[in-house]
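Contents: one structure, followed by commentary.
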Amino acid sequence: MEMSPNTVSSASLPWSLWLLFFLSPITRTTSSAPTSEPSLPVNTTLLFDSGAPGYNLRNCSCSTLIQDCNEALANSLCRCHTVLRSTLPPAGLSEPGQLTIWVKEFWVLEELLNRSMVGHLRLSFCGTKPMDSQYLALLGLQTLRIHSPAPEAPYTNQEITVSPTAGVAAELGALSFDFSSSFHMTFLDLAVLNGLSALKAYSVVGPPAHTFFQDFPHLALPVALATSASEPLQKLLITFVY
């Protein structure tokens, strides 16, 4: 099977990154905190596979709390419209606010979320088949919430802060890491959607961002970097969530 140019290879990427960052300072190790809140925060963009022929997408704007994976309730209480799969943006989304995606099929994450600029993300697993260990690249992620409703999942609701905490920022400052000229990328292992283990994260300082994407061409150059190619090379902070 050929790997899509916009998909992170789950087979080769982790070992390649370990080799690349073996001598880089590890800046953080964090575990998640369980949450009991089962619903969407208000003023949220909600996306889910409509299940219609052609695997189209429902795009909803919700200002009230919606039960996870309850499509009928979302269609009733939110302002929703259908987006054709063929019209999805190839360069990913840019959503600085709250974004929630109900995941039934991997294509929604692969074609829509991969390489997206997302500030606050909630992923709710609504499928029946466990999610394989595959990796997504996310840009500028600050907080992540995972909902796993399967009866056998010991970790049903989890939340983790992805952006560096004050202590980590001070540690990076001691390493002469300038946040004002940095670029933050998160690699997310989709196996966390199964809810079988607690969320964990660690961060490493990488090479200049432009150099990194030359070494890993299958990730493709994000729009945020492509539009600033004439500016000085940005330092790269990489966080792994698994």
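Just so you know, residue 1 is the first one in the sequence shown, and it goes up from there.
- Judged by distance alone, the side chain of Ser148 and the main-chain N or O of Leu193 form a donor-acceptor pair under 3.5 Å.
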Would you please test Asn56 and Thr82 for side-chain hydrogen bond (donor to acceptor under 3.5 Å, both in side chains) and show each step? CA-CA 7 Å; Asn56 296 324; Thr82 297; over 6 Å; no
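- Under a 3.5 Å cut-off, the side chain of Asn59 and the backbone N or O of Leu47 do not form any donor-acceptor pair.
- Here the closest heavy-atom approach between residue Val192 and residue Ile146 is recorded as O-CG2, 3.6 Å.
- Put simply, the side chain of Lys104 gets close to the backbone of Asp49: a donor and an acceptor are under 3.5 Å apart.
- Side chain of Asn194 to backbone of Met131: a donor-acceptor contact under 3.5 angstrom is found.
- A distance-only check finds no donor-acceptor pair linking the side chain of Gln98 to the backbone of Gly119 [under 3.5 Å].
- In terms of hydrophobic clustering, with Ile, Leu, Val, Met, Phe, Trp and Tyr side chains grouped at heavy-atom distances under 4.5 Å, Leu196 and Tyr242 are assigned to different clusters.
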Walk me through it: do Arg58 and Glu71 pass the test salt bridge (charged side-chain N to carboxylate O under 4.0 Å, His left out)? CA-CA 9 Å; Arg58 291 291 283 172; Glu71 298 180 14; over 6 Å; no
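- Between the side chain of Glu105 and the backbone N or O of Trp107 there is no donor-acceptor pair closer than 3.5 Å.
- Between Cys60 and Cys78, a gap of 2.5 Å or greater is found separating the two SG atoms.
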Checking ring-ring contact (aromatic ring centres under 6.0 Å, His included) for the pair Tyr202/Phe240: CA distance, chi angles, key distance, verdict? CA-CA 6 Å; Tyr202 67 91; Phe240 299 85; 4.9 Å; yes
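- Taking every heavy atom of both residues into account, Ala74 and Phe48 meet most closely at CB-CE2, 4.1 Å.
- Put simply, the side chain of Ser116 gets close to the backbone of Leu93: a donor and an acceptor are under 3.5 Å apart.
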